[in-house]
Amino acid sequence: MSYHFNEIEAKWQKYWADNHTFKAENNSDKPKYYVLDMFPYPSGAGLHVGHPLGYIASDIYARYKRHKGFNVLHPQGYDSFGLPAEQYAIQTGQHPAITTETNIKTYRRQLDQIGFSFDWSREVRTSNPDYYKWTQWIFIQLFESYYCKDSNMARPIAELISVFEAEGNARINAACDDDVTAFTAEDWNGFSSEEQQDMLLKYRLTYLAKTEVNWCPALGTVLANDEIVNGVSERGGHPVIRKKMTQWSMRISAYAERLLQGLDTIDWTDSLKESQRNWIGKSVGASVTFNVNNHDAVIDVFTTRPDTIYGVSFMTLAPEHDLVSKITTAAQKAEVDAYIEATAKRSERDRMADVKTISGAFTGAYAEHPFTKEPIPIWIGDYVLAGYGTGAVMSVPCGDQRDYDFAKHFNIPIPNIFEGVDISEEAYSDKDNTVIANSDFLNGMNYKKATKRAIYELEQLGQGEGKTNYRLRDAVFSRQRYWGEPFPVYYVNGKPQMIALEHLPIVLPEVEKYLPTEEGEPPLGRADVWAWCTESNAVVPNDKINDTTVFPLELNTMPGWAGSSWYFFRYMEEAANRGNVFATEDALKYWENVDLYIGGSEHATGHLLYSRFWVKFMHDRGFVGVDEPFKKLINQGMILGTSAFVYRLTLENHSDYLANVLTGNEFTQEEKRKIDSFIEIYNNKVFASYEFVKNHPFKEWIPEQNKGTLHTYIPEIYEALRNHFKDMSKVIEGIGFTVSKVHVDVSFVDSSDKLNANKFEKWRPELSNSEFLLKEGSFLVSREVEKMSKSKYNVVNPDAICEQYGADSLRLYEMFLGPLEQAKPWNTAGITGVHGFLKKLWKLYVDDNGIKVNDAEPSKDNLKTLHKTIKKVEDDIENFSFNTSVSTFMIASNELTQQKCTSKAILEPLLVLISPYAPHIAEELWSKLGNDQSISTAPFPKFEEKHLVESSKNYPISFNGKMRFTLELPLDMSKDDIEKTVMAHEKTIAQLQGREPKKVIVVPGKIVNIVG
RNA sequence: GCUGAAGUGGUGGAAUUGGUAGACACGUUGGACUUAAAAUCCAAUGUCCAUUAGGACGUACGGGUUCAAGUCCCGUCUUCAGUACCA
């Protein structure tokens, strides 16, 4: 009986589905464990072998936890709103819901065939109205909340309103827009309803604001930064302009400090936490107000170094700063205007990328130093960004390198305010060893003391205060797209109104085209039935809009991160109980949060920050009990492709070339004609084995297809051409060629990098009848590691692997490739190693007569092999070191085969160890051993130290640290006895050649080292 | 520039606390079986020197600590990822 993996795998996948083997229970005596994969977007291309890597790892962990007696929640679903489906819809007119459905089917089939232990009964899809009903509900809750800085949490907006009614906003300490001014209870009560709504919007956790976006008029849409290349759109190369649009924003900045502090409570990688810390960008310092001379104006700056305030020798404003036009003197106006114009032309990217060019202009105006009252020239410079802080800097050239460079460039004085520091070459930015000088009351103080004192003195003057600044900006939440969640919002007199929970979901309307309207409105502007009737509480046709009972609905949709910011809570509830709540309290209480989250690092500052924000908000408002979504998080590394290249010859007639003329090589008309017809037949059809190119000095210069040309004279190839085309040497003499490197589909190449010429010729019509220049009888391709992508022909589909080797082989091999978190290249050739292991494993249990396992008493060696495997595998899984477990399994099966082990006492527990990795073969052999229950909850074997206890050790004997030979000695031998035995050994005597050792180091159980 | 991770045979990688560097695989070479191929099995395989015995070198590079360094310390280089005129 041999190992028929296809049959076995299909059988068990069906069994698991039919028996709901992996259904999680919401009521269980077992401890809970929640393992989650990052939400997949079901793309049209389906899965390639890189995608399941993280799913396999999490599946191993989930299965392991079941063996360890946990009630495991391991769900899966789809982040099914998104741009690709919408773009496909724009191109083809096909409704995104249909393509999404098709793509999900493909995904599901591919996932099923890999044998994941998902509880599919809990599947969610963000584009499903039953789901996005609750996304809309959360949005409403954000709208109905403000952030109270006193209690440091979100609270209902109603509380704020009652304070406004009773006493105005003077005592309110809340996160709000910068432009909020003070008002009294009388003011508030006197406000019109519209004025009150406007004011509340400045406090709400989601609010409407005019935000600058990258608007592409030609595409009629807003683009993300990475969709813009060199100032034009990536698609189509259309111009992009900065445009202000009214959009929903999320007041995530209110949570900056808590998002930062929360990082200390979760088990994430340092690099990930570091990215989030950088993104939040906390800096502690002071805000300082400078009066502008001869103007009724002030410049506010934020500085992290108030201690250096006496070193200020100029101010720099962003060219876009509002004050610039007001304060610029007539004499400087021309220069300043020219500079502003030049800056505006430079794209944000150019401006940021160019660090070397120092540019700026003097406004002619002066500010007043708060302490010395000296005039300080005000400059503008594009190294100051309008969007960060206040858009203005107090420039301290002696302490900041950029200020220093600017001052040097424009001959601005650089006063030195540091004691005993040379600043003639560069700025001195070391905070720790600073002693302040030339600074009046700050003289002699260190950074800490001087900072404190400077802030105190500024407060006395009323010109500054201590302040903490965060880089984190509020997140824009509107998208001008079709395929996303509609907002539960309609507008009365232009003011947003929320639709009550009982009328949700507001379902995405039908449109006849998925493009923006001609007027530049989002695609929902094309919907005919998209108005809200406050009497029937229903969506009604637009022509009913009367602005008394029927109002227009919001035209934007929500961004991709809306649905993915809370989906992990939805999984906690069983589908049957999801009707009236996003998840019941019991479910939320039982599952708490995700214990293990696995996914790619590209979500470091997007999804992973936004979901933390939403969870903290939901926690504040009492909707969930936890305030972090993901306790432990692991990033899986990317799987790269191993591209294959062939070397193609592009032929030219060189009969008249100098080289031939010089050698006296002449061609007759007849010969030239032959050359031409040869080229006609064989141009771009002759391929040279990589062996010919391998040692060429300019190998690196050989261009890829269509990427320039390089004439390469490779004598071996001429030689090969002459051999290949017998009796045509004269023709060959007259031919010149260019070699270019061409991607070839990796499925045509075998494990030894030999090309399958048949498959290659059938690939494309123009490749038929190709000629191959072999070296030593074989045609080799070259290989390079690149990102896996269709255009590089290095994509490997898991379907093909499952078909040829089976899902268990795929699972093992993905793990075997290397550490989970590291990027590593895929090379299908290596899979024969793990596949061979599974066959060997099978043979350990089954021979031609069926199962061969018996009740034989296990030998000492058998037990040793089993228990060292238990220990190693358990440690490995706990440390997410899955690659080393696979090696351990191989070693165990090699050893047990060697030992001719047939003992059930060994082979049965071994199956449990392997089952998280290769569940199908484990189930099959488990049932063959007579078990009638699935292996999935069989207890994990218990490690027993006693089987590993050794009586002797093969000591390495080193001389001056170099191992020369080994010696088997009893472990209970004393240090002295070991030394005596070793010193008396003939090999030791031979090594020493009569020398007297200076010292003998004996570490019992480890090593002996003889020095001298 | 900054932050983080990493650099080990032809290749993927192992070495968990400083203690036998290269486990386990792939590939390669040779052999067995076979009419042949596939499959399977056996052996060798870091580099160099040597017929053998054996020896020298060897974990990016240069130093250091130690009886002993892939592992610890200092410096340099390279690669990858993230981020960026962040005041």
Return the pairing partner of [N] with a 3.5 Å limit on both distances, Watson-Crick or G-U wobble; otherwise return none.
{"N": "B:A60", "value": "B:U76"}
{"N": "B:A53", "value": "none"}
{"N": "B:U28", "value": "B:A44"}
{"N": "B:U83", "value": "B:G1"}
{"N": "B:A21", "value": "none"}
{"N": "B:A68", "value": "none"}

How many Å lie between [atom1] on [X] and [atom2] on [N], as a whole number?
{"X": "A:Asn883", "N": "B:U16", "atom1": "CG", "atom2": "P", "result": "13 Å"}
{"X": "A:Lys840", "N": "B:C24", "atom1": "NZ", "atom2": "C1'", "result": "10 Å"}
{"X": "A:Ile957", "N": "B:G19", "atom1": "CD1", "atom2": "C1'", "result": "12 Å"}
{"X": "A:Leu817", "N": "B:C24", "atom1": "CG", "atom2": "C1'", "result": "13 Å"}
{"X": "A:Ile891", "N": "B:A15", "atom1": "CD1", "atom2": "P", "result": "11 Å"}
{"X": "A:Met638", "N": "B:A6", "atom1": "CE", "atom2": "C1'", "result": "15 Å"}
{"X": "A:Lys824", "N": "B:A81", "atom1": "NZ", "atom2": "C1'", "result": "14 Å"}
{"X": "A:Asp750", "N": "B:U28", "atom1": "CG", "atom2": "P", "result": "8 Å"}

In terms of the nearest nucleotide of RNA chain B, which residue is placed more toward the 5' end: A:Met890 or A:Asn469?
A:Met890
Inspect the contact between A:Lys872 and A:Asp876 and indicate whether a charged nitrogen and a carboxylate oxygen are less than 4.0 angstrom apart.
yes
Should A:Lys282 and A:Glu257 count as an ion pair when the cut-off is N to O under 4.0 Å?
yes
Would you say [X] reaches [N]'s phosphate, i.e. side-chain N/O to OP1/OP2 under 4.0 Å?
{"X": "A:Lys999", "N": "B:C67", "answer": "yes"}
{"X": "A:Gln822", "N": "B:G13", "answer": "yes"}
{"X": "A:Asn894", "N": "B:A25", "answer": "yes"}
{"X": "A:Arg964", "N": "B:A56", "answer": "yes"}
{"X": "A:Arg471", "N": "B:U83", "answer": "no"}

Compare the minimum distances between each of [options] and the side chain of [X], then state the nucleotide with the smallest one.
{"X": "A:Val1011", "options": "B:C26, B:A87, B:C67", "answer": "B:C67"}
{"X": "A:Thr832", "options": "B:G27, B:A23, B:A21", "answer": "B:G27"}
{"X": "A:Phe816", "options": "B:C24, B:U16, B:G27", "answer": "B:C24"}
{"X": "A:Asn1009", "options": "B:C24, B:G19, B:U3", "answer": "B:G19"}
{"X": "A:Lys962", "options": "B:U83, B:C57, B:G19", "answer": "B:C57"}
{"X": "A:Trp279", "options": "B:U83, B:C67, B:G13", "answer": "B:U83"}
{"X": "A:Tyr383", "options": "B:C85, B:A87, B:U20", "answer": "B:C85"}
{"X": "A:Asp382", "options": "B:C85, B:G19, B:C26", "answer": "B:C85"}

Distance between the C1' atoms of B:G62 and B:A5, in whole angstroms?
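Roughly 23 Å separates the two C1' atoms.
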Have a look at [X] and say if it touches a base, only the backbone sugar-phosphate, or nothing, with a 4.0 Å heavy-atom cut-off.
{"X": "A:Lys839", "value": "sugar-phosphate"}
{"X": "A:Ser395", "value": "nothing"}
{"X": "A:Val1003", "value": "base"}
{"X": "A:Phe889", "value": "nothing"}

Consider only side-chain N and O atoms of [X] and [Y], and report whether a donor and an acceptor are under 3.5 Å apart.
{"X": "A:Gln898", "Y": "A:Asn894", "answer": "no"}
{"X": "A:Tyr805", "Y": "A:Asn6", "answer": "no"}
{"X": "A:Thr390", "Y": "A:Asp300", "answer": "no"}

Below 3.5 Å, does any donor atom in the side chain of A:Lys872 face an acceptor in the base of B:U16, or the other way round?
yes
Centres of the A:His985 and A:Phe965 rings: under 6.0 Å?
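Distance test on ring centres: under 6.0 Å, yes.
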Ring centroid separation for A:Phe816 and A:Phe882, is it under 6.0 angstrom?
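When the ring centroids of A:Phe816 and A:Phe882 are compared, they turn out to be at least 6.0 Å apart.
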Pick out which of A:Ile978, A:Thr981, A:Ile1007, A:Val982 makes a side chain to side chain contact (heavy atoms under 4.5 Å, CB included) with A:Tyr955.
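Only one option passes, and that is A:Ile978.
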